[in-house]
Protein chains: 2
Amino acid sequence: MARIAAPGTRERILATAARLFYTEGVRAVGMAQVIDAAGCGKNLLYGHFPSKSDLVAAYLEQARSGRDADARRALGAAGDDPGAALVALTAEIAGRVRRRAFRGCAFRNYLTEFPADDDAPARIARRYLKDTRAQVDDLTARLGRADTCELADRIWLIIEGLYASTGAPNVSRAATVAVRFVEELVN
Amino acid sequence: MARIAAPGTRERILATAARLFYTEGVRAVGMAQVIDAAGCGKNLLYGHFPSKSDLVAAYLEQARSGRDADARRALGAAGDDPGAALVALTAEIAGRVRRRAFRGCAFRNYLTEFPADDDAPARIARRYLKDTRAQVDDLTARLGRADTCELADRIWLIIEGLYASTGAPNVSRAATVAVRFVEELVN
DNA sequence: GTCTATAAGGGGATAGAC
DNA sequence: GTCTATCCCCTTATAGAC
């Protein structure tokens with residue numbers, strides 16, 4: 001009797017790997033550790049993800065999907081107002097930063113761990129940064145200010161600073177300040 | 001005939017290691033690679049640095065010394081004006097960011113690579129972040145504003161964002177914008 | 001005495017085989 | 001699941017060159 005493949009196995013393995021990669025770093029976590037934590041056999045993991053690079057790519061793809069969904073939700077609530085959209089985007093990131101499990105931006109962290117690589121995970125990470133930056137540029141342009149370029153650069157500085165505020169003395173306060181900061185810039 | 005120990009050997013090894021660690025990441029660079037690049041024997045390196053952790057600690061200590069010296073120089077030119085000092089500090093970082101070899105803040109990069117560690121290198125990195133943040137807090141307090149806390153948080157966001165601007169579309173422009181941004185905040 | 005070169009120990013990594 | 005192959009890691013030890 002052939003056993004039926006358990007549904008959701010791939011997702012369970014990926015969720016475990018994602019938590020470990022994000023918390024401890026991609027390089028620090030070995031495949032054996034993922035297998036142990038997921039409580040699955042080796043073949044099962046390598047069946048779904050033929051190599052560690054594939055698993056890492058899936059981890060980053062999933063992080064991107066989740067982030068995009070949250071961003072869409074935040075943007076939806078902001079309606080057509082580009083200023084409100086920029087504030088909503090910042091607030092969405094601030095919400096992530098306030099979580100206990102926050103340990104920086106998964107994509108920036110990956111690029112810090114593998115600065116020279118140009119494989120699938122690196123391309124996913126770089127594309128994410130490019131796309132979100134473009135999103136900020138777009139929204140800022142729609143504000144119709146004379147100093148569009150300067151303003152976009154400033155908002156981007158705040159967003160990057162917000163993502164980096166892992167070691168800030170008061171992370172939650174930093175998140176609040178960042179949102180208020182962007183609010184003042186767009187109003 | 002006893003050969004005299006070559007002077008500057010430690011410094012040469014350390015400079016090689018520092019360049020590699022900073023450019024490619026601490027985890028990605030092995031001791032063998034450092035030995036190869038330094039063109040020395042294995043025993044010589046291990047004589048000066050008994051373990052990789054010692055070498056990494058020396059790398060971060062040296063980075064800190066260099067950074068402190070540059071910061072002192074920048075602060076000296078600013079005189080007693082705390083606003084000018086904050087701008088000078090930002091400009092000093094902006095200068096680093098503009099260099100071709102810039103690949104982020106060595107201390108933040110290390111903490112991203114080893115988030116769970118609490119050894120000598122990690123303590124050096126965390127102490128640096130704590131000290132520079134305290135420096136910003138101090139200077140901001142001396143501005144005598146009513147919103148000292150908020151202002152310090154904002155400047156810190158900009159500084160963190162500036163350090164993170166490795167992948168910005170135009171790094172040099174981002175650096176310029178950051179300095180102008182802080183200028184406006186303190187004036 | 002000082003350094004290089006080489007070998008080897010002990011561990012852990014990815015990945016494949018059964 | 002277990003077992004193995006292969007590789008690279010940090011580190012120590014040994015042997016030889018100047």
Side-chain angles (χ1 to χ4, degrees), chain A residues 1-6 9-10 12-14 16-60 109-110 113-122, chain B residues 1-60 109-110 113-122:
Chain A
M1 302 297 271
R3 276 173 57 184
I4 294 175
T9 301
R10 199 191 118 103
R12 188 169 49 83
I13 293 174
L14 182 52
T16 303
R19 176 175 51 81
L20 290 172
F21 285 153
Y22 182 68
T23 306
E24 307 182 18
V26 173
R27 262 200 154 105
V29 173
M31 294 297 267
Q33 190 180 347
V34 174
I35 288 160
D36 277 7
C40 70
K42 205 171 215 180
N43 289 348
L44 198 51
L45 186 148
Y46 276 103
H48 287 289
F49 307 99
S51 77
K52 181 173 180 177
S53 183
D54 293 313
L55 181 57
V56 174
Y59 150 59
L60 291 179
N109 288 352
Y110 180 84
E113 284 198 89
F114 301 87
D117 283 23
D118 192 34
D119 49 2
Chain B
M1 301 297 271
R3 275 172 58 182
I4 293 174
T9 300
R10 201 191 116 102
E11 282 65 30
R12 188 170 50 84
I13 293 175
L14 181 51
T16 304
R19 176 174 51 78
L20 290 173
F21 285 152
Y22 182 68
T23 306
E24 306 182 17
V26 172
R27 257 194 156 111
V29 173
M31 295 296 266
Q33 191 179 346
V34 175
I35 286 158
D36 277 6
C40 70
K42 222 167 230 206
N43 290 354
L44 190 55
L45 185 147
Y46 277 101
H48 286 287
F49 306 98
S51 77
K52 182 173 181 179
S53 182
D54 292 313
L55 181 57
V56 174
Y59 150 57
L60 291 178
N109 287 352
Y110 180 83
E113 282 199 270
F114 301 88
D117 283 22
D118 191 35
D119 49 0

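B/E24 is listed as a side-chain neighbour of B/Q33, based on a closest heavy-atom distance under 4.5 Å. Counting heavy atoms from C-beta outward, B/F49 and B/R10 have side chains that approach closer than 4.5 Å. You'll find the side chain of A/L55 reaches within 4.5 Å of the side chain of A/L14, heavy atoms only. The shortest side-chain heavy-atom distance between A/Y59 and A/Y22 falls under the 4.5 Å cut-off. The shortest distance between side-chain heavy atoms of B/F114 and B/P121 does not fall below 4.5 Å.
Side-chain to base pairing of B/N43 with C/dT6: no donor and acceptor N or O lie closer than 3.5 Å to each other. Under 3.5 Å, the side chain of B/K42 and the base of C/dT6 form no donor-acceptor pair of N or O atoms.
A distance-only check finds a donor-acceptor pair linking the side chain of B/E113 to the backbone of B/V26 [under 3.5 Å]. Using a distance-only test at 3.5 Å, with no hydrogens or angles considered, no donor-acceptor pair links the side chain of B/R27 to the main chain of A/R27.
Separating the CE atom of A/M31 from the P atom of C/dG16 is a distance of 10 Å, rounded to the nearest angstrom. Following rounding to the nearest Å, A/L20 (CG) and C/dA13 (P) show an atom-to-atom distance of 13 Å. Between the P atom of D/dC10 and the CG atom of B/D36 lies a distance of 12 Å, rounded to the nearest Å. With rounding to whole Å, A/Y46 atom OH is found 15 Å from D/dT2 atom C1'. Per the geometry, CG belonging to B/L45 stands 15 Å off C1' belonging to C/dA5, to the nearest Å. Per the geometry, CD1 belonging to A/I13 stands 12 Å off P belonging to D/dG1, to the nearest Å. Rounded to an integer number of Å, the gap from CD1 of B/I35 to P of C/dT6 is 13 Å. When rounded to the nearest whole Å, the span between CZ of B/R27 and P of D/dC10 equals 11 Å.
Of the residues in residues 48-55 of chain A, those lying under 4.0 Å from DNA chain C by heavy-atom distance are A/S51, A/K52.
Residue B/G39 is classed as a sugar-phosphate contact, given heavy-atom separations below 4.0 Å to backbone atoms only.
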